[in-house]
Amino acid sequence: LERVHVRVGRTVTEMETLAPEGAGYPKYASGVAYSEIGLVLLTEQPRYPGERHDLVQIFRHELAHVALHDAVGHRNVPRWFNEGFAVHASGEAVTDRMQTLWTATLAGNLLPLADLAQRFPADATDASIAYAQAADVVRYLLRSHESYRFRALIERLRTGQDFEAALSDAYATDLSNLEYEWREDVARRYTFWPVLFSGSMVWMGA
């Protein structure tokens, strides 16, 4: 991290007044990073009453955005990669993300990565799927026997390659094949849970 300036509002309303003039702001967020200028905004109180509000995790999430922006030489990356890295790095809401992915996988509601390249859904439910999905794709890229490829991907982005070319060189695959392999991995990991927790299996376990 080269330079970070942090502004903390006591409430969400106050936090929004601390944003740069004319800058966009996601209406569901309790923190936001303007990585191009090294600015992080946080709110001391949760956006919604009773909402789980871990300020340390939120701060870690926003710092991860700025750190990634620095690491790739201030170049643009797909939105899903940016958000996925921040969620994965902050370690936030792991159980909630697993449940969201499980539900979305079984319901066939996973979102195409191409749709998440520029922006995330405004709807809170679809946004939760997008964040969980993006974080899990980054987890898949960072799996232990492939972590050296992730470092190579970041280095190629830093030298000026666009994301598709850097992904192809680092992982010997393109985005469509990566998404296919990831969806196969998700299907293996999540579709067995309903069977495991069905009534008959619980009684057998008992």
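Being a predicted model, the structure only gives us computed values, none of them experimental.
The shortest heavy-atom contact between A64 and A86 is CB-CA, 3.7 Å. Here the closest non-hydrogen pair linking E181 and T173 is OE2-OG1, 4.3 Å. Between Y171 and E146, the shortest heavy-atom contact is OH-O, 3.9 Å. V138 and G84 make their closest contact through CG2-C, 3.6 Å (heavy atoms, listed as atom of the first residue, atom of the second, distance). For the pair D162 and A165, the tightest heavy-atom approach, listed with the atom from each and the gap, is OD1-N, 2.8 Å. Counting all heavy atoms, side chain and backbone alike, R79 lies closest to L116 at CB-O, 3.2 Å.
A 4.5 Å side-chain heavy-atom check between L178 and Y140 finds at least one atom pair inside the cut-off. Between E164 and L175 there is a side-chain heavy-atom pair separated by less than 4.5 Å. Side-chain contact between W182 and L141 is absent, with no heavy-atom pair separated by less than 4.5 Å. At least one side-chain heavy atom of V94 sits less than 4.5 Å from a side-chain heavy atom of R97. At a threshold of 4.5 Å between non-hydrogen side-chain atoms, the residues I37 and P20 count as touching. Taking 4.5 Å as the limit, every side-chain heavy atom of L18 sits out of range of all side-chain heavy atoms of V8. Using a 4.5 Å cut-off on side-chain heavy atoms (C-beta onward), Q45 and V12 make no contact. Counting only heavy atoms from C-beta outward, the side chains of I58 and H53 approach each other to under 4.5 Å.
For the side chain to side chain contact (heavy atoms under 4.5 Å, CB included) with L68, the qualifying choice from L157, N82, L63 is N82, the only one to do so.
For E62 (side chain) and L42 (main-chain N/O), no donor-acceptor pair under 3.5 Å exists by modelled atom type. A donor-acceptor contact shorter than 3.5 Å links the side chain of Q133 to the backbone of L111. Between the side chain of T103 and the backbone N or O of T100 there is no donor-acceptor pair closer than 3.5 Å. A donor-acceptor distance shorter than 3.5 angstrom exists from the side chain of R158 to the backbone of A71, with no hydrogens or angles considered.
Hydrophobic clustering, with ILVMFWY side chains joined whenever heavy atoms are under 4.5 angstrom apart, groups L106 together with L110.
Atom CD of Q99 has 12 or fewer heavy atoms from other residues, nucleotides or ligands within 6.0 Å. Around CG of N76, the count of heavy atoms belonging to other residues, nucleotides or ligands within 6.0 Å does not exceed 12. When the shell of 6.0 Å around CZ of R7 is examined, it contains more than 12 heavy atoms from other residues, nucleotides or ligands.
Under the side-chain hydrogen bond (donor to acceptor under 3.5 Å, both in side chains) criterion, S176 pairs with D174, not counting sequence neighbours.
Under 4.0 Å is where a charged nitrogen must lie from a carboxylate oxygen, and between D185 and R139 at least one such pair does. Remark: E155 does not engage R151 in a salt bridge, criterion side-chain N to carboxylate O under 4.0 Å.
With rounding to the nearest 0.5 Å, the separation of CH2 in W80 from CG in D115 is 13.5 Å. Distance check: S168 OG to F163 CZ gives 11.5 Å after rounding to the nearest 0.5 Å. In this structure, Q57 CD and S30 OG are separated by 12.0 Å, a value rounded to the nearest 0.5 Å.
You'll find the ring centres of H69 and H65 outside the 6.0 Å limit. Taking the six-membered ring where the residue is Trp, the centroids of F81 and F150 are separated by under 6.0 Å.
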| task | Apply side-chain contact (heavy atoms from CB on, under 4.5 Å) to E92 and D54, showing your working. | result | CA-CA 9 Å; E92 63 191 87; D54 188 327; over 6 Å; no

